[in-house]
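One structure is given here, and the rest of the page talks about it.
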Amino acid sequence: MGIRETLLAMAVLSGTLTLSVAPAAAQNRVDAVLQKNDSDGDERISREEWRGPPPAFGRIDSDGDGFLSRAELEARFAAAAPPAAPGPVVSWIDVHTHPAASVRKDSLDFAGALRVALEAMESSPLSRVILMPTPQGKVLRGQWDLENFLPAARKHPGRFAVMGGGGSLNLMIHAESPDGNVSDELRNRFQRRAEEILRLGAVGFGEMSILHLSLTENHVFSSVAGDHPLFLLLADIAARHDVPIDVHFDPVVEDLALPGWLSPLRNPPELMRNIDGFERLLAHNRQARILWAHAGSDNVGHWTVQLSRRLLAKHPNLYMSLRMTPGRGRLVQNHPLSPNGIKPPWLQLFRDFPDRFVIGGDLFFTTSRSRGPAAEFGQGAETIRNQTARFLSSLPLDLARQIGTENALRLYKLDR
């Protein structure tokens, strides 16, 4: 590889250039970056060795150990790579997006955030999105909710649908009753608010959270039992109205010390097993459709394709929305995509459960007023859309259409 090609590869890694990297050439690109930066030949790059833009190092160092491994470099190149066998362009509906207008109530610009969303739809195969508040709790106390962006969304009914509860129902769980001790007054207030959300025209409840890990500075950490009484109540309400619940849940299948890549943040020193409470929520009311958000984006190391298969087989009311960015640290191994396309175990899972997956990119539509974690997450929106297009064009066409559009139309009743 010459100097120009090496510089182009470095630009992709730094995020300053979007470049399509053919899977067959991906290893050559990684080899070139290692050769240029790995001065001691140990197959990893330290901060002292790194010759690229300093901010890029932190973005690539997903496990936060101070070194760039071959796997982390491969994961970065995968974000820019086209499918191994390019197929036709497939449009999709994104069922999990956030209009992140601002961090201050006196400067909210949801109309501006939705203009950004419309621009994204005009410039990509993204055809429609479901907007929802982020899951708020003790730290972020009801900062914004459905009513804030609903007027702007109603102006574009063919483009936007809405969900609610992240800034109200989730707050009642995580801030008012985190221990599961629910008074009659709180229960009644929760039920009234849930019914109000649906009367406003929401197609479901979200984004709700069970375990939500902190991934960046000032990012929220929150945790409650999956079978919290108000979650069980919400399942009954959702079943009665035949609407889904969107749940953020970082699964922990056995107690463990907090992984090193998460420790500098707001998270506790230990993570406790939580999979049992989640399964009790799933089993509580089989008519309640639970959308497990961010499938493929594993932050702990326990959300494997094997766990997904076991839960999908056991719980017929479980669905998953796919986010096309990997989780933290070594967890690129649990993501469906590799530089060479979709990993075979994941592809088989999609074939075995074709009606249980939708696209949920966790896109943040931000404006110049956006600050904090939302502004940071918003910078990755284009990469996520590119990855989603790559993922769908790597699937068989009938499966791509089902996961990209048909399942969302059915689950959220968007065709009515």
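In what follows, residues are counted from 1 in the order of the sequence shown.
- Within a 6.0 Å radius of CD in Gln348, more than 12 heavy atoms belonging to other residues, nucleotides or ligands are found.
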Quiz: residues 111-123 side-chain donor-acceptor pairs under 3.5 angstrom, not counting sequence neighbours:
residue: Glu122; atom: OE2; partner: Arg159; partner atom: NH2; Å: 2.9
residue: Ser123; atom: OG; partner: Glu119; partner atom: O; Å: 3.1
residue: Ser123; atom: OG; partner: Ala120; partner atom: O; Å: 3.4

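- Heavy atoms only, all atoms of each residue included: Leu146 and Met163 are closest at CD1-O, 3.7 Å.
- Taking both residues in full, the closest heavy atoms of Leu318 and Leu312 are given as O-CD2, 3.5 Å, listed atom of the first, atom of the second, then distance.
- By the ring-ring contact (aromatic ring centres under 6.0 Å, His included) test, Phe357 is found to be paired with Phe350, residues two or more places apart in sequence or in another chain being considered.
- In this structure, the side chain of His98 engages the main chain of Met132 through a donor-acceptor pair within 3.5 Å.
- In terms of heavy atoms, Asn285 sits closest to Ala235 at ND2-O, 4.3 Å.
- Between the side chain of Asp227 and the main chain of Gly277, no donor-acceptor pair closer than 3.5 Å is present.
- Between Phe110 and Trp144, the ring planes lie tilted relative to each other; the angle falls in the 30° to 60° range.
- Listed by first then second residue, pairs satisfying side-chain hydrogen bond (donor to acceptor under 3.5 Å, both in side chains) with a partner in residues 244-253 read His96-Asp246, Glu207-His248, His248-Asp250, His248-His294, Asp250-Asn299, not counting sequence neighbours.
- Results of the side chain to side chain contact (heavy atoms under 4.5 Å, CB included) test with Phe205 over Val247, Asn170, Ile197 single out Ile197 as the only residue that passes.
- Atom CZ of Arg401 is surrounded by 12 or fewer heavy atoms from other residues, nucleotides or ligands within 6.0 Å.
- When the side-chain hydrogen bond (donor to acceptor under 3.5 Å, both in side chains) test is applied to Trp92, no partner is found at least two apart in sequence or on another chain.
- Applying the side-chain hydrogen bond (donor to acceptor under 3.5 Å, both in side chains) rule to Arg289 yields the partners Asp242; only residues at least two apart in sequence or on another chain are considered.
- Looking at residues two or more places apart in sequence or on another chain, you find a side-chain hydrogen bond (donor to acceptor under 3.5 Å, both in side chains) between His228 and Ser177.
- Remark: the backbone N or O of Ser214 is paired with a side-chain donor or acceptor of Asn267 at under 3.5 angstrom.
- A pairwise comparison of heavy atoms in Trp346 and Ser308 identifies CH2-OG, 4.1 Å as the closest pair.
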